[in-house]
Amino acid sequence: MVSSTFSFLGALLFVASVAAQSTAPQYGQCGGQGWTGATVCPSGWTCTFSNSYYSQCLPGGSGSSSGSSVPTTTTVPSTSGGSSPTSTSTSPSGTVTLIPGYSFIRAVEDPNFHQYLRSEVQNTASDAVLGDPSTAAQFQITSDGQLIQILPDGSNLYAAVEARANSTVMKLKMSWQTTPASGDNAGTFMWSGDTVEWSIPTISRPQLNAWLVCPDAAGNKDVYVNLGPYDYDTPAGCADETIHAYTGPYATA
Ligand SMILES: *[C@@H]1O[C@H](CO)[C@@H](O)[C@H](O)[C@H]1NC(C)=O
């Protein structure tokens with residue numbers, strides 16, 4: 001039932017995209033969040049990603065480089081329900097379209113089902129929180145273990161984890177900063193299947209992909225590394241969650 005609904009939606013989107021199909025001019029815009037114009041470039045030109053709001057037709061056939069200047073990344077794990085998007089994809093208005101090579105990260109359990117990782121102040125160095133699909137940010141994990149968020153202007157934010165003050169502290173707050181995390185704030189992010197893991201040599205913990213989501217006084221769903229056993233002794237007010245890559249064409253509720 002879910003998959004036939006999905007196919008029907010896919011067919012609708014296909015029809016919509018065919019209807020909108022015309023060719024963008026040389027050096028013209030061919031994609032980006034909110035773009036409803038042509039997404040096809042003239043023969044011999046390639047729709048090239050610039051940032052999440054702008055892709056442009058540039059000379060060169062398929063196989064030319066994507067123009068991305070982000071660090072080497074580990075392969076984004078595939079998640080169910082999504083074929084890999086091409087350079088742009090049509091999605092319902094108000095939704096966030098995934099940039100090729102990036103991944104959304106979201107919780108899949110109540111009370112945070114399909115809430116997506118982002119910055120508390122969107123696109124700004126601030127606490128790591130979960131939020132609605134329409135506010136989803138996009139990520140890669142680099143080969144040296146940094147979790148990076150790409151911003152609409154093409155720059156990055158880097159995940160940093162609070163240093164552990166002492167052995168009684170069982171949750172470490174995660175936040176976003178404009179420079180790569182280092183020392184006690186770095187640790188190593190990696191994909192384990194489609195879940196996000198974090199580890200650091202100085203801390204031994206039973207479950208590397210355990211996270212806590214704890215709303216602050218203003219209701220922001222702050223994200224913490226969970227140092228305790230998964231689903232056991234969860235601090236009051238927090239939800240024990242794993243967080244997962246989602247590589248569908250757009251952030252779904
Ligand atoms: C451990 O660190 C926390 C957070 O800084 C602090 O509140 C707590 O008093 C410390 N406990 C001990 C035993 O030092």
Side-chain angles (χ1 to χ4, degrees), residues 71 74 103-132 135-151 155-245:
T74 58
S103 177
F104 298 117
I105 294 176
R106 66 184 186 181
V108 298
E109 286 171 272
D110 284 336
N112 298 298
F113 182 78
H114 289 185
Q115 293 285 290
Y116 288 72
L117 187 62
R118 64 167 165 88
S119 306
E120 180 178 318
V121 181
Q122 278 181 263
N123 306 320
T124 304
S126 54
D127 290 347
V129 300
L130 298 184
D132 290 338
T135 63
Q138 310 191 24
F139 307 93
Q140 291 179 334
I141 293 179
T142 65
S143 53
D144 63 348
Q146 298 268 339
L147 173 61
I148 59 175
Q149 179 184 163
I150 186 168
L151 304 186
S155 66
N156 292 127
L157 291 176
Y158 301 82
V161 173
E162 157 190 31
R164 192 185 202 182
N166 60 57
S167 62
T168 69
V169 174
M170 295 307 281
K171 65 196 228 296
L172 301 177
K173 189 164 202 169
M174 185 165 107
S175 58
W176 298 99
Q177 58 184 43
T178 55
T179 53
S182 61
D184 285 348
N185 302 114
T188 301
F189 288 90
M190 61 180 289
W191 298 112
S192 172
D194 72 352
T195 68
V196 179
E197 283 189 355
W198 180 85
S199 63
I200 196 164
T202 48
I203 299 175
S204 163
R205 51 195 283 247
Q207 177 108 12
L208 298 181
N209 65 353
W211 299 83
L212 290 168
V213 180
C214 313
D216 68 12
N220 299 299
K221 297 170 182 171
D222 291 338
V223 174
Y224 295 80
V225 171
N226 182 0
L227 300 182
Y230 183 64
D231 208 18
Y232 179 74
D233 278 352
T234 301
C238 298
D240 198 339
E241 300 271 358
T242 46
I243 50 176
H244 300 253

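One-based numbering, in listed order, for ligands and for the atoms of each.
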Handout entry: Polar contact flag, side-chain donor to acceptor under 3.5 angstrom, Asn209-Glu197
Key = no
Problem - CG (Asp184) with more than 12 external heavy atoms under 6.0 Å - result: no
Handout entry: Flag, side chain of Thr234 to backbone of Cys238, donor-acceptor distance under 3.5 Å
Key = no
Handout entry: Note, Ser103 side chain near Trp191 side chain (heavy atom, < 4.5 Å)
Key = yes
Under 3.5 Å, side-chain donor or acceptor atoms of residues 168-178 against the rest of the protein: list the pairs with distances, not counting sequence neighbours.
residue : atom : partner : partner atom : Å
Thr168  : OG1  : Asn166  : OD1          : 2.5
Lys173  : NZ   : Asp127  : OD2          : 3.1
Lys173  : NZ   : Asp222  : OD2          : 3.4
Trp176  : NE1  : Arg118  : O            : 3.3
Gln177  : NE2  : Thr179  : O            : 2.9
Gln177  : NE2  : Pro180  : O            : 3.4

Problem - Any side-chain donor near an acceptor of the partner, Asp132 and Gln115, under 3.5 Å - result: yes
Give one line per pair: atom of ligand 1, protein atom, distance. Only N/O to N/O under 3.5 Å.
residue  : atom   : partner : partner atom : Å
ligand 1 : 2 (O)  : Asn166  : ND2          : 2.3
ligand 1 : 11 (N) : Asn166  : ND2          : 3.0
ligand 1 : 14 (O) : Asn166  : ND2          : 3.1

